[in-house]
Amino acid sequence: MQKPTISQVDSKPRTGYIGRFAPSPTGPLHFGSLLAALASYLDARANQGKWLLRVEDLDPPREPAGSAELILQQLQEFGMDWDDEVLYQSSRLDAYEEVMDQLQDKGLCYPCDCTRPQIREMGLVYNGSCRERSTPPEMPYALRLKTDALKLGFDDEIQGHFAQQLEGEVGDFVIRRKDKLFAYQLAVVVDDEFQNITHVVRGWDLLDSTPRQIYLQRVLDYQEMSYAHIPIIVDEKGQKLSKQSFAPSIETDKASQAIYKALTFLGQAPPLEIEKESPESQLQWAIGSWDSQEVAKVGSLPL
Ligand code: GLU
């Protein structure tokens, strides 16, 4: 019998519910990130699960000082208490290095010094041109993971079935960047495994990263998990609310107002009576009546 390829290996189910919120500390929480925090929190608590917090501080040049502390403080003021210690990705570099070595030992990654303009010319899907080079490039170079040609699909709890043929639609992807920083795709997979995450609830903009993450889980023989992608919030120009689009930070003195609005965006139809209640009692109501199937099955919602 032929050895199963990476995309065909069976997954092993995990028991219990461990969810997480994994913000990148590029600035304080804005309404879009509040929505992701709240949805992952409610889904975990409604399932009697744990809710962990992981600060994805992998890219120091993009992280203004104090952002992580601010996010933690905002979550507390919003009444969202996490379990266990906060995990900082900046403390996990040795673990990423080790996994990268494993991937290299398996012959699954290779150095690539292609430039952005070259990749644009390829139509943005990396064509694997460095796969077969015999000599390593001059520094600096990125490390890419070899992908395969099989269709890799999963059933998203909110958005339904989503599949990608990684080699043709995404291409071999970067796991360590040219500047030597570990890529999000590698770190997120290593840490979801390390924290025993069973359920990921996050923004729709990461839906198309999910097949890459499942692929990596299979390559590394990690456990698979359930995914739910909630719509992202876009401004009047259709741009995702983000630090880059100057989305305002949510003011914690307006916490109740923001939570009420976020619950409405998440399709939970909160009753008017709780509009002015404390964040804690709003969350109690929301945990009791949380229904992830009420979340709109769309990629984005206008603010
Ligand atoms: N750190 C990522 C972000 O802030 C989210 C990662 C994830 O939820 O997988 O966009």
Side-chain angles (χ1 to χ4, degrees), residues 17-44 49-64 67-72 74-75 80 82 86-93 96 154 156-159 162 170 173-175 177 181-217 220 222-234 239-245 247 249-250 266 292 295 299-300:
Y17 185 119
I18 305 180
R20 48 62 159 192
F21 176 52
S24 304
T26 51
L29 292 180
H30 50 73
F31 188 64
S33 40
L34 170 69
L35 221 60
L38 188 60
S40 62
Y41 173 85
L42 293 175
D43 203 58
K50 275 190 164 192
W51 187 62
L52 306 184
L53 189 57
R54 180 168 77 229
V55 173
E56 301 209 320
D57 52 349
L58 271 185
D59 194 351
R62 291 187 55 228
E63 296 157 5
S67 299
E69 292 72 21
L70 207 58
I71 292 174
L72 265 53
Q74 285 177 300
L75 290 172
M80 285 184 259
W82 55 90
V86 178
L87 183 69
Y88 289 84
Q89 288 196 320
S90 54
S91 72
R92 299 269 303 144
L93 304 183
Y96 308 144
F154 69 101
D156 190 85
E157 298 289 327
I158 294 173
Q159 308 287 345
F162 182 76
V170 178
F173 56 93
V174 171
I175 56 168
R177 299 173 4 185
L181 295 178
F182 289 102
Y184 156 69
Q185 305 293 356
L186 179 77
V188 74
V189 167
V190 173
D191 286 340
D192 281 339
E193 169 77 8
F194 177 67
Q195 296 188 290
N196 285 312
I197 301 302
T198 59
H199 290 74
V200 170
V201 180
R202 61 186 177 189
W204 176 83
D205 52 327
L206 293 169
L207 181 72
D208 89 331
S209 285
T210 310
R212 266 170 281 180
Q213 294 172 14
I214 296 175
Y215 179 80
L216 256 172
Q217 288 158 4
L220 293 164
Y222 287 174
Q223 307 227 9
E224 290 189 19
M225 53 205 81
S226 140
Y227 289 94
H229 288 85
I230 63 162
I232 54 166
I233 302 296
V234 292
Q239 267 189 342
K240 182 192 171 196
L241 289 195
S242 68
K243 173 104 189 308
Q244 288 71 29
S245 69
S249 166
I250 24 175
L266 289 170
S292 63
V295 178
S300 62

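Just so you know, ligand 1 is whichever comes first in the structure, and atom 1 is the first atom listed for that ligand.
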Looking at ligand 1, does any of its N/O atoms fall within less than 3.5 Å of an N/O of Ala22?
yes

Gln223 and Glu193: side-chain donor and acceptor closer than 3.5 Å?
no

Give a yes or no on this: more than 12 heavy atoms of other residues, nucleotides or ligands lie within 6.0 Å of atom CH2 of Trp204.
no

At less than 4.0 angstrom from any non-hydrogen atom of Val188, what atoms of ligand 1 do you find?
9 (O)

Suppose I only count heavy atoms of Tyr184 and a 4.0 Å limit; which atoms of ligand 1 are within that range?
6 (C), 7 (C), 9 (O)

Is Phe21 near ligand 1, meaning one of its heavy atoms is under 4.0 Å from it?
no

On the 0 to 90° scale, with breaks at 30° and 60°, tag the Tyr227-Phe154 ring pair as parallel, tilted or perpendicular.
perpendicular

Looking only at non-hydrogen atoms, the one of Ser24, Ser209, Ala36 nearest atom 4 (O) of ligand 1 is Ser24

What part of Leu206 sits under 4.0 Å from ligand 1 if we count only heavy atoms: the side chain, the backbone, both or neither?
side chain

Carboxylate-amine/guanidinium contact Asp191 Arg20, below 4.0 Å:
no

Backbone of His229 reached by a side-chain donor or acceptor of Gln159 within 3.5 Å
yes

Going by distance only, is there an N or O of Arg20 that falls short of 3.5 Å from an N or O of ligand 1?
yes

Does either side chain, that of Arg202 or that of Thr210, offer a donor lying less than 3.5 Å from an acceptor on the other one?
yes

The protein heavy atom nearest to atom 6 (C) of ligand 1 is Glu56 OE1, 3.2 Å

For Arg202, take its heavy atoms, then give the atoms of ligand 1 lying under 4.0 Å from any of them.
7 (C), 8 (O), 9 (O)

If we ignore angles and hydrogens, is there a donor and acceptor under 3.5 Å between the side chains of Asp43 and Tyr17?
yes

